[in-house]
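Below: one structure, written as structure tokens.
To find a chain, count down the sequence lines: A is the first, B the second, and so on, and within it residues start at 1. The structure displayed is predicted, hence computed values, not measured ones.
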There are 2 protein chains.
Amino acid sequence: MSGRGEVLQLEVLDILRQRNKPVSAYDVLGELRKTKVKMAPQTVYRVLAALTECGKIHRLESLKAYVNCQHGSHQHASILSICDDCGRVEESVAPDLLAKLSKVTGKTGFAAQRHVIEVHGLCASCGTGPAPA
Amino acid sequence: MSGRGEVLQLEVLDILRQRNKPVSAYDVLGELRKTKVKMAPQTVYRVLAALTECGKIHRLESLKAYVNCQHGSHQHASILSICDDCGRVEESVAPDLLAKLSKVTGKTGFAAQRHVIEVHGLCASCGTGPAPA
DNA sequence: TTGCGATATGTTATATTGTAACATAATACT
DNA sequence: AGTATTATGTTACAATATAACATATCGCAA
């Protein structure tokens with residue numbers, strides 16, 4: 001393993017941390033291009049894949065976007081709550097729920113390998129006092 | 001509500017039923033274009049959105065594709081098991097699990113509205129005897 | 001029944017997201 | 001050093017999705 005790409009990984013991680021919201025691959029690309037004009041999509045996707053793989057970021061399938069992992073990194077699947085109003089994402093961990101899920105899907109002999117759990121709704125701030133017009 | 005678009009809905013539903021596997025919007029488009037040369041993406045997406053809305057089909061976010069609902073139609077969120085080998089999708093229903101999920105994500109005051117649950121893995125046929133080389 | 005507002009559908013164009021394929025460079029091993 | 005292997009850079013393009021506006025249909029009131 002080289003150490004070249006790792007600098008870029010940190011840079012991308014920083015971008016996600018600063019935004020603290022879901023960011024699309026092309027947004028990341030745009031950010032990177034501010035300093036690296038020749039940056040290509042492929043490169044960004046590779047970095048995002050690497051970061052996702054090692055659990056430092058999460059991909060939000062239903063938003064086609066990425067967020068920084070709030071726990072720094074972890075292996076077990078996350079439950080991601082997406083506020084459809086403010087866009088912020090909360091991360092929950094519930095191993096027992098994952099186990100139950102595997103059990104449910106396993107009834108037919110299905111062997112679960114990767115869980116994608118995304119919950120859309122409204123976060124506490126946006127749900128309670130939604131500031132009427 | 002008109003009855004014009006409903007014919008198209010049935011046609012799309014038929015395509016998904018016949019394939020019995022996840023189908024991309026553009027695959028559906030291609031199929032439709034066999035008889036309707038001028039069919040446009042927008043139209044297909046609108047039909048798919050309508051069918052999804054009323055629960056007759058499900059969108060697989062992690063595959064960017066759609067499947068026919070195995071139960072004909074329903075309102076509660078489905079748990080979709082996707083076999084990464086043969087591509088087939090199984091559908092589970094587990095209201096208690098959804099309730100638990102809402103409870104977990106609700107700890108912070110988050111109000112869940114829509115659950116996206118997709119499980120990748122291997123189905124019974126593909127997992128047990130994967131036909132060695 | 002006709003006129004009009006609201007809604008659905010058709011059409012064109014374009015935006016966004018994602019990868020294939022190959023060139024080049026770094027690494028690791030003999 | 002020489003060479004196989006893996007990572008990275010680069011170009012081009014494929015696949016997915018939506019904006020914006022035109023046209024048609026419907027529901028309803030005057």
Side-chain angles (χ1 to χ4, degrees), chain A residues 1-13 15-16 19 21-54 56-67 82 84 87 89 114 116 118 120, chain B residues 1-13 15-16 19 21-54 56-67 82 84 87 89 114 116 118 120:
Chain A
M1 322 252 145
S2 86
R4 269 183 304 162
E6 291 171 14
V7 178
L8 198 49
Q9 286 192 21
L10 290 178
E11 210 170 332
V12 169
L13 206 46
I15 291 169
L16 294 191
R19 299 266 195 121
K21 277 198 185 185
V23 184
S24 79
Y26 274 76
D27 271 1
V28 172
L29 176 59
E31 201 63 41
L32 290 172
R33 275 183 171 156
K34 287 182 183 170
T35 58
K36 298 158 174 43
V37 184
K38 307 208 69 181
M39 183 62 51
Q42 188 65 259
T43 309
V44 174
Y45 277 102
R46 289 205 269 237
V47 171
L48 290 170
L51 289 170
T52 303
E53 178 107 16
C54 69
K56 296 213 191 75
I57 67 175
H58 302 295
R59 173 175 164 86
L60 296 158
E61 298 288 350
S62 60
L63 293 184
K64 304 185 224 332
Y66 302 80
V67 279
I82 302 157
D84 290 330
V89 173
R114 174 185 158 228
V116 174
E118 298 175 12
H120 286 257
Chain B
M1 316 243 147
S2 87
R4 268 182 304 161
E6 292 172 15
V7 178
L8 199 48
Q9 286 192 21
L10 291 178
E11 211 170 330
V12 169
L13 207 47
I15 291 169
L16 294 191
R19 299 265 196 122
K21 276 197 186 186
V23 185
S24 79
Y26 274 76
D27 271 3
V28 172
L29 177 60
E31 202 63 40
L32 290 172
R33 275 184 172 157
K34 287 182 183 170
T35 58
K36 300 158 171 46
V37 184
K38 306 208 67 182
M39 184 63 51
Q42 187 64 259
T43 309
V44 175
Y45 278 102
R46 288 204 268 237
V47 172
L48 290 171
L51 289 170
T52 303
E53 177 106 16
C54 69
K56 296 211 190 75
I57 68 175
H58 303 294
R59 173 175 164 86
L60 295 157
E61 297 288 350
S62 59
L63 293 185
K64 303 183 221 343
Y66 301 80
V67 280
I82 303 157
D84 290 329
V89 173
R114 173 186 159 228
V116 175
E118 299 175 13
H120 286 258

In whole angstrom, give the distance that lies between atom [atom1] of [X] and atom [atom2] of [N].
{"X": "B/Gln9", "N": "C/dA8", "atom1": "CD", "atom2": "C1'", "value": "12 Å"}
{"X": "B/Lys36", "N": "C/dG10", "atom1": "NZ", "atom2": "P", "value": "10 Å"}
{"X": "B/Glu61", "N": "D/dT16", "atom1": "CD", "atom2": "P", "value": "14 Å"}
{"X": "B/Tyr45", "N": "C/dA15", "atom1": "OH", "atom2": "C1'", "value": "12 Å"}
{"X": "B/Leu8", "N": "D/dT25", "atom1": "CG", "atom2": "P", "value": "16 Å"}
{"X": "B/Arg33", "N": "D/dA15", "atom1": "CZ", "atom2": "P", "value": "13 Å"}
{"X": "A/Leu63", "N": "D/dT18", "atom1": "CG", "atom2": "P", "value": "12 Å"}
{"X": "A/Met39", "N": "D/dG9", "atom1": "CE", "atom2": "P", "value": "7 Å"}

**Message:** Taking atom types as they are modelled, would you say the side chain of B/Arg46 forms a donor-acceptor pair with the base of C/dG10 within the 3.5 Å cutoff?
**Reply:** yes

Has [X] got a side-chain N or O lying under 4.0 Å from the OP1 or OP2 atom of [N]?
{"X": "B/Tyr26", "N": "D/dA15", "value": "no"}
{"X": "A/Ser24", "N": "C/dT17", "value": "yes"}
{"X": "B/Lys64", "N": "C/dG18", "value": "yes"}

**Request:** Could you tell me whether the side chain of B/Arg33 and the main chain of B/Met39 form a donor-acceptor pair under 3.5 Å?
**Result:**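 The answer is yes, because a donor-acceptor pair under 3.5 Å joins these two groups.
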
**Asked** With no hydrogens and no angle check, do the side chains of A/Ser62 and A/His120 hold a donor and an acceptor under 3.5 Å apart?
**Response** yes

Per [X] side chain, nearest of listed nucleotides [options]:
{"X": "B/Thr43", "options": "D/dA17, C/dG10, D/dT10", "value": "C/dG10"}
{"X": "B/Lys38", "options": "C/dG18, C/dT11, D/dA17", "value": "C/dT11"}
{"X": "B/Ala40", "options": "C/dT11, D/dT16, D/dT8", "value": "C/dT11"}
{"X": "A/Gln42", "options": "D/dT11, C/dT17, C/dT11", "value": "D/dT11"}

**Item:** Distance, nearest 0.5 Å, that separates CZ of B/Arg114 from CD of A/Glu118
**Value:**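 Atom-to-atom, B/Arg114:CZ and A/Glu118:CD are 8.5 Å apart.
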
**Complete:** Rounded to the nearest 0.5 Å, the CG atom of A/Leu48 sits from the CD atom of A/Gln9 at a distance of 9.5 Å

**Minimum heavy-atom distance between B/Gly87 and B/Pro22, given as atom pair plus value** =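 Scanning both residues, the minimum pair turns out to be O-CD, 3.1 Å.
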
